[in-house]
Amino acid sequence: MSNTTKYIFVTGGVTSSLGKGIISASLAKLLQARGHSVTIQKLDPYINIDPGTLNPYEHGECYVTNDGAETDLDLGHYERFLNVPTSQANNVTTGRIYQSVIDKERRGEFLGKTVQIIPHITDEIKHRIQILGKSGEFDIVITEIGGTVGDIESLPYIESVRQMLWEKKDQCLVIHLTLVPYLKAAGELKTKPTQNSVKSMREVGVQPDILVCRAEHHLDESIRRKIALFCNVEPEAVIESKDANSIYEVPILMQNERLDEVVLKKLGLPDKGQPELKEWKDFLARLQHPKKKVTIGLVGKYIELKDSYKSIAESFEHSGAANECEVDIRWIHSEKLNDDNIAEKLKNLDGVLVAPGFGSRGIEGKITAVKYARESGLPFLGICLGMQCAVIEYARNVLGWENAHSTEIQKRCEKPVIDLMEEQKSITNLGGTMRLGSYACELEDGSHIAEAYGQKEINERHRHRFEFNSKYLEDFESNGMKATGKNPETGLVEVVEVENHPWFVGAQFHPEYKSTVEAPHPLFIGFVKAALKNKKEVLAN
Ligand code: GLN
């Protein structure tokens with residue numbers, strides 16, 4: 001089927017942050033619901049090889065795939081919408097493109113030719129776009145191009161799109177996302193930025209087929225006709241994308257605007273009628289009409305930029321809906337927590353989640369939050385560094401090992417209860433060298449986590465260098481902290497739980513990467529359930 005794969009390119013104009021990822025994921029959802037196999041890919045124009053080494057303040061969370069790729073957070077949206085795993089091939093950066101071209105040059109593969117942006121870099125980009133198409137798994141590949149048209153760094157990508165349009169004519173389609181701002185003083189929606197942005201596209205040889213216009217107000221017929229005329233697209237191909245309350249409404253909004261129908265028509269694909277999207281709509285109904293509410297404290301150090309915890313926040317949307325419950329996240333800065341203010345800062349919470357992270361900033365605040373949750377019987381979920389903090393806290397305050405720490409924070413510490421993994425000790429490069437991707441884990445019968453999953457064998461994604469130091473396992477277990485999940489091959493402790501606590505689970509892996517609308521994550525569902533139960537008990541007392 002590879003020669004018939006259709007390619008849809010999604011570009012952005014006027015400004016960044018218009019939500020290309022959500023539009024791409026929504027369109028993909030609609031096409032998938034019509035029976036097509038669809039995947040989405042993100043091309044990022046920065047020079048980092050991947051976002052693994054980026055500070056979350058730069059681009060938000062680093063998302064991790066089953067095969068261990070460290071990727072842009074948009075891939076999380078793709079998986080959450082489509083419920084189909086992505087892989088290494090779904091995220092490509094300029095750094096990676098250049099790296100492979102330069103490697104080829106060093107191997108002499110260009111046979112003495114001068115290596116140039118056109119054709120060598122653009123060939124590599126086109127190759128990366130078509131890897132997914134040629135896999136034979138997908139009828140449609142949607143490629144989202146990061147950045148905004150007109151950026152110097154996006155140029156080779158737009159040029160590659162131009163070449164693909166030329167080479168594969170009927171197989172390709174371009175959707176351009178723009179902004180139609182409302183000028184309050186004039187009381188009008190303005191189309192000029194959209195006109196200019198399409199003009200910039202045409203200057204580099206690409207005429208968009210469809211315009212998705214982000215707007216705070218309805219685009220009436222006359223505005224649509226005006227945009228169509230000035231931008232060389234048909235009026236039906238001017239799609240309004242009004243601000244939505246939830247990203248999960250966008251597929252329905254796009255369906256109402258007939259985006260999928262226009263796409264099918266332009267790609268020459270048969271239109272077999274509207275998809276029902278029943279499960280999706282059921283989820284939306286539960287999300288929009290919750291019967292209960294819990295408040296969960298999310299303790300992290302990047303909370304000024306909530307995108308740093310995107311997958312966690314979305315997992316609460318899914319698991320909240322599954323429990324017919326609104327999850328109100330209270331964002332708590334770990335750097336601001338200490339013994340004196342912890343009760344005040346964490347008051348009226350129904351559960352506490354201590355977030356993943358790296359380095360020493362804010363770590364003592366996280367440990368203080370764990371202590372409070374453990375001592376007050378508040379449902380607790382620790383993820384990755386959050387689990388490691390739970391181990392450190394237990395060592396210090398229950399085992400009485402005052403000097404317990406992680407060697408990530410204190411290289412030479414007396415009780416290294418969290419220590420660098422053996423296989424990490426010889427590694428010096430930081431990029432792509434953590435323990436990454438999916439690994440098996442075996443859960444202990446009767447544990448909270450086994451109950452949440454309803455099964456013993458699970459697979460979850462990882463992103464860490466440090467681990468529970470098994471040398472001390474016996475000390476922990478005989479004092480009430482149990483290892484309730486382990487890697488079946490290495491024995492690495494993946495999950496810890498505290499006995500005699502309503503619900504206290506620390507996971508070395510990242511459950512948030514696998515939660516989707518159609519498959520809300522069992523561990524989050526279990527956590528929200530525990531928070532609901534805790535709330536009821538508090539109210540009853
Ligand atoms: N910094 C810790 C480690 O590398 C935890 C990583 C994380 O939270 N993702 O092991």
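All residue numbers in this chain count up from 1 along the given sequence. When a ligand or atom number is given, it counts from 1 through the structure's own listing order. Predicted model, so just to flag it, every value in this text is computed and none were measured.
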Worksheet item: Among side-chain atoms of Glu317 and Ser246, is any donor-acceptor pair under 3.5 angstrom?
Response: no
Worksheet entry | Ring geometry between Tyr248 and His318 (parallel below 30°, tilted from 30 to 60°, perpendicular above 60°) | perpendicular
Worksheet entry | Distance from atom 10 (O) of ligand 1 to nearest protein heavy atom, with residue and atom | Phe466 N, 2.8 Å
Discussion item. Does the plane of the ring in His464 sit parallel, tilted or perpendicular to the ring in His462? Use 30° and 60° as the thresholds.
Written reply: tilted
Response to the item:
Quick look: Met434 vs ligand 1, heavy-atom contacts under 4.0 Å, and the answer is neither
Discussion item. Checking the N or O distance criterion of under 3.5 Å, is ligand 1 in contact with His510?
Written reply: yes
Fill in: Inter-residue atom distance Cys384.SG - Phe466.CZ, 0.5 Å rounding
11.0 Å
Fill in: Under 3.5 Å: N/O of Leu385 near N/O of ligand 1
yes
Worksheet entry | For Arg465, the ligand 1 atoms whose distance to one of its heavy atoms is below 4.0 Å | 3 (C), 4 (O), 10 (O)
Worksheet item: In terms of atom number and element, which parts of ligand 1 are under 4.0 angstrom from non-hydrogen atoms of His464?
Response: 3 (C), 4 (O), 10 (O)
Discussion item. Minimum heavy-atom separation for Tyr157 and Pro45, please, with both atom names.
Written reply: CE1-CA, 3.8 Å
Discussion item. Taking 4.0 angstrom as the limit and counting only heavy atoms of Arg463, give me the atoms of ligand 1 inside it, by number and element.
Written reply: 6 (C), 7 (C), 9 (N)
Discussion item. Under 4.0 Å from a heavy atom of Glu408: which atoms of ligand 1 are those, numbered in the order shown and with their elements?
Written reply: 1 (N), 2 (C), 3 (C)
Response to the item:
Filtering Ser406, Cys389, Cys384 for the heavy atom nearest atom 7 (C) of ligand 1 leaves Cys384
